[in-house]
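Values in this document were obtained by computation on a predicted structure and should not be read as measured data. Below, each value reflects all heavy atoms present in this structure, side chains not excepted, and no hydrogens, waters or symmetry copies.
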Amino acid sequence: MIDFNICDRDLPDNLLSHYLKGEAIAADTETMGLLPWRDRLCLVQLCDTEDIVTVVRIAKGQNAAPNLKKLMESREIVKIFHFARFDMATLKYHLDINVTPVFCSKIASKLARTYTAKHGLKDLIQELEQVELDKTSQSSDWGNAANLSEKQLRYAANDVRYLLSARQKLIAMLEREERWELAQQCFECLPAIVSLDLLQYPDIFSHA
């Protein structure tokens, strides 16, 4: 049984109004690949503190989603991603959405969980939430959005279900290790890094 909302092209007004009442929302995207200028955006997933999960199917050639834009650009709501750099670039390139403010659980994990080299979402959620995510649909064809299997949709929904709780645990770890301020500074740099990525600059901070 599917226990989440499925929408086409954009958030409906009632879900936008609901999500705008929160202080944080977990988000993720599914694409046809890792290069925004080549690979199209197929899904946007959202989850709030009330565990209201929504999967928005993005149509081929679609270049705007006004309600998603309002939500993602609201400065009153923290958007939580795992590896925000990629999702922010994808949303900016395909839907002209400049996501802000942001919490990246991958950056937070690398700053806080220095006792491990495993910072993928599956390992992070396994440790912090004691939940084993099923990643068997991770590398699958997301292009036929209207006919995605229930397994694919459930995978997409589960990628956002546990991020809000994990964020609180990561913040507690960062505060304990006196790295929370540094993490926030890293999050604030992300829009500039995303712009560099979309312009296909290499690492301009390297010596070479």
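For Gly143 against Met32, the heavy-atom pair with the smallest separation is N-SD, 3.3 Å.
Listed for the Glu30 side chain is no donor-acceptor partner under 3.5 Å among the backbone atoms of Leu153. A donor-acceptor pair under 3.5 Å is formed between the side chain of Gln45 and the backbone N or O of Ala156. Between the side chain of Asp10 and the backbone N or O of Leu68, at least one donor-acceptor pair lies under 3.5 Å. Judged by distance alone, with hydrogens and angles left aside, the side-chain atoms of His94 form no donor-acceptor pair with the main-chain N or O of Gln62 at under 3.5 Å. Side-chain N or O atoms of Asp39 include one that pairs as donor or acceptor with a backbone N or O of Leu35 at under 3.5 Å. A donor-acceptor pair is defined here as one N or O able to donate and one able to accept, closer than 3.5 Å; no such pair exists between the side chain of Lys106 and the backbone of Phe81. At distances below 3.5 Å, at least one donor-acceptor pair connects side-chain atoms of Ser17 with backbone N or O atoms of Asp13.
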Exercise for the section: Test Lys21 against Asp48 for side chain to side chain contact (heavy atoms under 4.5 Å, CB included), laying out the working first. Expected result: CA-CA 10 Å; Lys21 295 173 184 176; Asp48 68 357; over 6 Å; no
Practice task
Please assess Leu11 against Leu46 for the test side chain to side chain contact (heavy atoms under 4.5 Å, CB included), listing each intermediate value before the final yes or no.
Solution key: CA-CA 10 Å; Leu11 275 177; Leu46 304 167; 3.8 Å; yes
Practice task
Kindly indicate, with the supporting measurements, whether the criterion side chain to side chain contact (heavy atoms under 4.5 Å, CB included) is fulfilled by Arg40 and Trp142.
Solution key: CA-CA 10 Å; Arg40 63 187 177 92; Trp142 298 101; over 6 Å; no
Practice task
Take Cys189 and Gln185 through the side chain to side chain contact (heavy atoms under 4.5 Å, CB included) test and state the conclusion after the steps.
Solution key: CA-CA 7 Å; Cys189 290; Gln185 291 169 352; 5.7 Å; no
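Transitive grouping of hydrophobic side chains (ILVMFWY, heavy atoms separated by less than 4.5 Å) brings Val56 and Ile80 into a common cluster. Note on Leu182: it clusters hydrophobically with Met173, by side-chain heavy-atom contacts below 4.5 Å among ILVMFWY residues. By the criterion of side-chain heavy atoms lying less than 4.5 angstrom apart, applied directly or through intervening Ile, Leu, Val, Met, Phe, Trp or Tyr residues, Leu41 is grouped together with Trp37 in one hydrophobic cluster. A single hydrophobic cluster is not seen to contain both Ile107 and Phe83; linkage of ILVMFWY side chains at heavy-atom distances under 4.5 Å, directly or through other members, places them apart. Leu95 and Phe86 end up in different hydrophobic clusters when Ile, Leu, Val, Met, Phe, Trp and Tyr side chains are linked at under 4.5 Å.
Residues meeting the salt bridge (Lys or Arg N to Asp or Glu O under 4.0 Å) test with Glu127, sequence neighbours left out: Arg113.
Residue Arg161 holds its CZ atom at 13.0 Å from CG of Asp28, rounded to the nearest 0.5 Å. Between the CD1 atom of Ile193 and the CD atom of Glu188 there is a distance of 12.0 Å, given to the nearest 0.5 Å. Here OG of Ser74 is found 5.0 Å from NZ of Lys79. Values are rounded to the nearest 0.5 Å. The line from CG of Leu163 to CD1 of Ile125 is 5.5 Å long, rounded to the nearest 0.5 Å. The structure places CD1 of Ile77 at 4.5 Å from CG of Leu20, a figure rounded to the nearest 0.5 Å. We find the CZ-CG distance between Phe205 and Leu196 to be 6.5 Å, quoted to the nearest 0.5 Å.
Side-chain contact check for Glu73 versus Leu91: every heavy-atom pair is 4.5 Å or farther apart. Inter-residue side-chain proximity for Leu174 and Gln184 is flagged as unmet; no heavy-atom pair is nearer than 4.5 Å. Between Leu124 and His119, the closest side-chain pair of non-hydrogen atoms is not below 4.5 Å. Between Thr116 and Asp123 the shortest side-chain heavy-atom distance does not fall below 4.5 Å. A 4.5 Å side-chain heavy-atom check between Pro191 and Thr100 finds every atom pair outside the cut-off. Using a 4.5 Å heavy-atom cutoff, the side chains of Phe4 and Val55 are in contact. The closest side-chain heavy-atom distance from His18 to Glu50 is below 4.5 Å. Looking only at side-chain heavy atoms (C-beta outward), Asn67 and Lys70 come within less than 4.5 Å of each other.
Taking a 6.0 Å sphere around CD of Glu76, one finds it holds 12 or fewer heavy atoms contributed by other residues, nucleotides or ligands. Around atom CG of Leu34, no more than 12 heavy atoms belonging to other residues, nucleotides or ligands sit under 6.0 Å away. Shown here is Glu132, whose CD atom has no more than 12 heavy atoms of other residues, nucleotides or ligands within 6.0 Å. More than 12 heavy atoms of other residues, nucleotides or ligands shown are found within 6.0 angstrom of NZ on Lys69. Heavy-atom neighbours of Lys122 NZ from other residues, nucleotides or ligands within 6.0 Å: above the threshold of 12.
Aromatic ring orientation, Phe187 versus Trp180: perpendicular (interplanar angle above 60°, classes split at 30° and 60°).
Side-chain atoms of Thr54 and Tyr19 include a donor-acceptor pair closer than 3.5 Å.
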